[in-house]
Amino acid sequence: MKKTDDQLNNEIGQLLFKSSPNGAKKVIAQLEFTPEMDVCRYLFDYYNQNDELNWYLLDDDITDPLIDTVTELRQYYIDNNLTNGLPAWIGCIITVDIENAKIDFEFKYERFIDLYSEYDGDDDDE
């Protein structure tokens, strides 16, 4: 039996909650897929108790199921005609508010993770 979107959302939230660093009050996961859905870029950030933004890495035992579940959620949107006739989203920003036990999804339709902007080799400063 296929999972519902609520079940998938809960599973995603549980994975991010389980992987959150000690002292995190909010976790932010950014996932962006290639058009073929065969490669995923991701970034993981969190706010600590002092509201300082930090990044962290997830172990493969969390990253792999997280990517699989987000992919499954995207397919759910396609299968249930929840894209309003538009192309399906290619990524999302997931925010888990640990203190208030809330999860929020912001779906993205264009590239939004620029991993190499600081290291593009462009020396305009010279």
Side-chain angles (χ1 to χ4, degrees):
M1 187 166 152
K2 288 198 173 207
K3 298 174 190 170
T4 67
D5 58 338
D6 284 340
Q7 290 170 320
L8 294 167
N9 291 344
N10 287 336
E11 192 174 321
I12 291 165
Q14 289 169 0
L15 287 166
L16 290 171
F17 176 79
K18 183 167 91 171
S19 69
S20 64
N22 289 337
K25 61 189 239 180
K26 188 179 286 187
V27 173
I28 303 163
Q30 300 179 58
L31 293 91
E32 177 183 291
F33 296 90
T34 60
E36 299 80 20
M37 295 297 292
D38 59 347
V39 175
C40 179
R41 296 183 207 202
Y42 49 82
L43 299 172
F44 300 103
D45 297 308
Y46 71 98
Y47 284 95
N48 63 19
Q49 297 300 319
N50 298 323
D51 288 325
E52 298 167 328
L53 182 64
N54 299 286
W55 63 273
Y56 71 108
L57 298 174
L58 296 180
D59 293 329
D60 287 343
D61 63 331
I62 298 289
T63 306
D64 291 343
L66 177 64
I67 291 170
D68 291 344
T69 308
V70 170
T71 302
E72 193 175 344
L73 179 64
R74 182 180 183 273
Q75 191 60 49
Y76 179 91
Y77 272 68
I78 294 168
D79 292 347
N80 291 282
N81 297 316
L82 299 175
T83 62
N84 296 323
L86 301 172
W89 43 271
I90 63 162
C92 58
I93 299 173
I94 307 161
T95 304
V96 177
D97 183 337
I98 295 170
E99 292 182 326
N100 297 306
K102 292 186 179 187
I103 187 169
D104 180 65
F105 288 82
E106 180 184 343
F107 298 113
K108 298 292 190 175
Y109 298 87
E110 297 177 358
R111 285 190 58 201
F112 65 101
I113 297 178
D114 189 6
L115 295 177
Y116 305 106
S117 62
E118 295 179 39
Y119 310 102
D120 63 4
D122 189 6
D123 294 331
D124 289 338
D125 296 338
E126 293 180 11

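The residues of the chain are indexed from 1 along the displayed sequence. Model, not experiment: these values are computed from the prediction. These values consider heavy atoms only, across backbone and side chains, with no hydrogens, waters or symmetry-generated copies.
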Compare all side-chain heavy atoms of E106 with those of T95 and state whether any distance is below 4.5 angstrom. no
Do I67 and F33 have side chains that get closer than 4.5 Å, going by heavy atoms? yes
Look at the side-chain heavy atoms of Ile, Leu, Val, Met, Phe, Trp and Tyr, link any pair under 4.5 Å apart, and say whether L43 and V39 land in one connected group. no
Is a salt bridge present between K26 and D51, judged by a nitrogen-to-oxygen distance below 4.0 Å? no
What is the distance from atom CZ of F105 to atom CD1 of I94, rounded to the nearest 0.5 Å? 4.5 Å
Check whether any side-chain heavy atom of I98 sits under 4.5 Å from a side-chain heavy atom of S20, and report yes or no. yes
Side chains of E11 and E72, heavy atoms from C-beta outward: is any pair under 4.5 Å? no
Compare every heavy atom of K2 with every heavy atom of Q7, then report the nearest pair and how far apart it is. OE1-O, 4.3 Å
CD of E110: more than 12 outside heavy atoms within 6.0 angstrom? no
Rounded distance [0.5 Å steps], CG in D79 versus CG in N81: 8.5 Å
Enter the distance from T69:OG1 to I12:CD1 here, rounded to the nearest 0.5 Å. 6.0 Å
Does K102 offer a backbone N or O that forms a donor-acceptor pair with the side chain of D104 under 3.5 Å? no
Around F112, counting heavy atoms of other residues, nucleotides and ligands shown, do more than 12 lie under 6.0 Å from its CZ? yes
Qualifying residue for side chain to side chain contact (heavy atoms under 4.5 Å, CB included) with K3, from N10, L8, N9: L8
So if you build clusters from Ile, Leu, Val, Met, Phe, Trp, Tyr with side-chain heavy-atom gaps below 4.5 Å, do L31 and Y109 land together? yes
Using 0.5 Å steps for rounding, measure from the CG atom of N48 to the CG atom of N22. 11.5 Å
Minimal heavy-atom distance between Y76 and T4, with the atoms involved, is CE1-CA, 4.0 Å
Using side-chain contact (heavy atoms from CB on, under 4.5 Å), reason through R74 and M37 one step at a time and then give a plain yes or no. CA-CA 10 Å; R74 182 180 183 273; M37 295 297 292; 3.4 Å; yes
Looking at every heavy atom in both P65 and I62, which two are closest together, and how far apart are they? CD-O, 3.2 Å
Would a single hydrophobic cluster contain both I78 and L82, if residues Ile, Leu, Val, Met, Phe, Trp and Tyr are joined by side-chain heavy-atom contacts under 4.5 Å? no
Looking at residues at least two apart in the chain, or sitting in another chain, which of them share a salt bridge (charged side-chain N to carboxylate O under 4.0 Å, His left out) with E32? R41, R111
Results of side chain to side chain donor-acceptor pair (under 3.5 Å) for N50 - residues two or more places apart only: none
A88 and T83: which non-hydrogen atoms are nearest, and at how many Å? CA-CG2, 4.0 Å
For the pair Y56 and F44, name the ring-plane relationship: parallel under 30°, tilted 30 to 60°, perpendicular over 60°. tilted
How far apart are the closest heavy atoms of Y47 and I28, and which atoms are they? CE1-CD1, 3.6 Å
Do Y42 and L58 come close enough that some side-chain heavy atom pair is under 4.5 Å? no
Are I90 and L73 co-members of a hydrophobic cluster defined by side-chain heavy atoms under 4.5 Å apart? no
